[in-house]
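What you see is a predicted model; the values in this text were computed from it and never measured.
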Amino acid sequence: MDLRFKDELAAMPDLHHRLRRLRWFRATFRASAKAVTRACGVQFQIDDARLTRAFLDWIEIAEGQKVYAGVNRADFIVFAAGVALRELIRHDPARAVTGLDAPATGAGVSTSTQEIVRFWPEGFLYTNYCVSAVAAIHEQEFGTVPAIDSCADDLRTWWSYRENVAEVPACAVAFLDRFLGGEPNWIAPGHPAARHAMQAVNPALQGAAQPAIQGH
């Protein structure tokens, strides 16, 4: 994972609310693609119509679940980012068009990151954007940045990630939890009431959790 774009996001005041506006969502996503291009040499073509549909579906779902922000705000930020990741993967607005065989151009790009980018450039872009957003928002609101698990730099994990979300897009929520060092719920990743961090704060949610994976 390469989180240099996190600092660019964190410099934007009130990032959490800005990202909930289409204009800022599209602008920051495009800026994220440029950051990946600078670091890894892969250039992307962005389909604005697909990106807009991903945003609108994400906002609709996040708004419908925002009551859980009152249970555990820090965890809800991660969940909302996981839903955004799911919608980006579903609508797939980016296409890697050049640079897949070029060496990384940015300093400090690890070999493992380069391998992941070459394996699934679009998935890396979507995931890196969402992880950077979570890290920046947590830094603004809580003064800390979540630790990234070592599996985020493991190509074998990304093989599993790509295969699973192709079958069940909701698994993207669970994989984002895993990358951020959380405890994923693989059975019902799309249900905030089923999240371990939510239930730790409010054990009564255990009876409300839905017992089946929900792909959108």
Side-chain angles (χ1 to χ4, degrees), residues 1-40 42 44 46 51-52 54-59 61-63 65-66 68-89 91 93-94 106-110 113 116-117 121-153 161 172-184 192 195 197-198:
M1 201 67 66
D2 186 88
L3 297 185
R4 280 172 281 192
F5 184 60
K6 183 270 296 181
D7 294 333
E8 188 175 333
L9 287 174
M12 299 179 182
D14 197 22
L15 179 65
H16 174 72
H17 289 100
R18 288 194 181 195
L19 289 181
R20 297 170 75 85
R21 301 172 188 166
L22 177 59
R23 177 171 65 91
W24 283 102
F25 181 86
R26 292 199 305 193
T28 54
F29 182 81
R30 284 187 171 276
S32 176
K34 290 178 181 178
V36 173
T37 297
R38 289 194 300 269
C40 303
V42 178
F44 296 92
I46 310 298
L51 185 58
T52 297
F55 171 82
L56 293 175
D57 284 352
W58 167 56
I59 285 295
I61 296 164
E63 284 294 315
Q65 304 283 11
K66 67 179 180 181
Y68 292 99
V71 178
N72 186 332
R73 180 164 176 77
D75 187 60
F76 185 76
I77 291 168
V78 177
F79 170 74
V83 174
L85 176 58
R86 180 182 73 182
E87 296 310 310
L88 286 169
I89 290 172
H91 291 285
V109 179
S110 68
T113 295
I116 291 165
V117 172
E122 296 84 5
F124 178 84
L125 171 61
Y126 306 149
T127 307
N128 200 65
Y129 174 70
C130 292
V131 170
S132 295
V134 169
I137 292 170
H138 270 240
E139 183 176 283
Q140 286 187 354
E141 298 198 10
F142 309 111
T144 60
V145 175
I148 308 301
D149 192 90
S150 60
C151 72
D153 293 319
Y161 176 24
V173 180
F175 274 97
L176 188 68
D177 284 329
R178 189 179 180 195
F179 291 154
L180 289 167
E183 186 175 358
R195 293 176 64 78
M198 293 289 181

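Using a 4.5 Å cut-off on side-chain heavy atoms (C-beta onward), W24 and F55 make no contact. Put simply, the side chain of I137 reaches to within 4.5 Å of the side chain of L19, judged on heavy atoms. R73 has its side chain within reach of E141: a pair of non-hydrogen atoms, C-beta onward, lies under 4.5 Å apart. Using a 4.5 Å heavy-atom cutoff, the side chains of F29 and L88 are in contact. Side-chain contact between R195 and D177 is present, with heavy atoms from C-beta onward closer than 4.5 Å. Considering only heavy atoms from C-beta on, T28 stays 4.5 Å or farther from R18 through its side chain. A 4.5 Å side-chain heavy-atom check between D153 and T113 finds at least one atom pair inside the cut-off. Using a 4.5 Å heavy-atom threshold, the side chains of N128 and L3 count as touching.
Minimum interatomic distance between S132 and K6 (heavy atoms only, all atoms of both residues): O-CG, 3.6 Å. Heavy-atom minimum distance, V117 versus C40: CG2-SG, 3.8 Å. When all heavy atoms of Y126 and A94 are compared, the closest pair comes out as OH-N, 2.9 Å.
Judged by distance alone, with hydrogens and angles left aside, the side-chain atoms of Q140 form a donor-acceptor pair with the main-chain N or O of L15 at under 3.5 Å.
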(request) Give the intermediate values and the outcome of side chain to side chain contact (heavy atoms under 4.5 Å, CB included) for residues I148 and L180. (result) CA-CA 5 Å; I148 308 301; L180 289 167; 3.7 Å; yes
(request) Evaluate the side chain to side chain contact (heavy atoms under 4.5 Å, CB included) criterion for residues R26 and I46: first the C-alpha distance (whole Å), next the side-chain angles of each, then the deciding distance (0.1 Å), finally the verdict. (result) CA-CA 10 Å; R26 292 199 305 193; I46 310 298; over 6 Å; no
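Taken from CD1 in I77 to CZ in F142, the straight-line distance is 4.0 Å, to the nearest 0.5 Å.
Ring centroids of Y161 and F179 are separated by less than 6.0 Å, placing the two rings close together. With ring centers used as reference points, Y68 lies 6.0 Å or more from F76.
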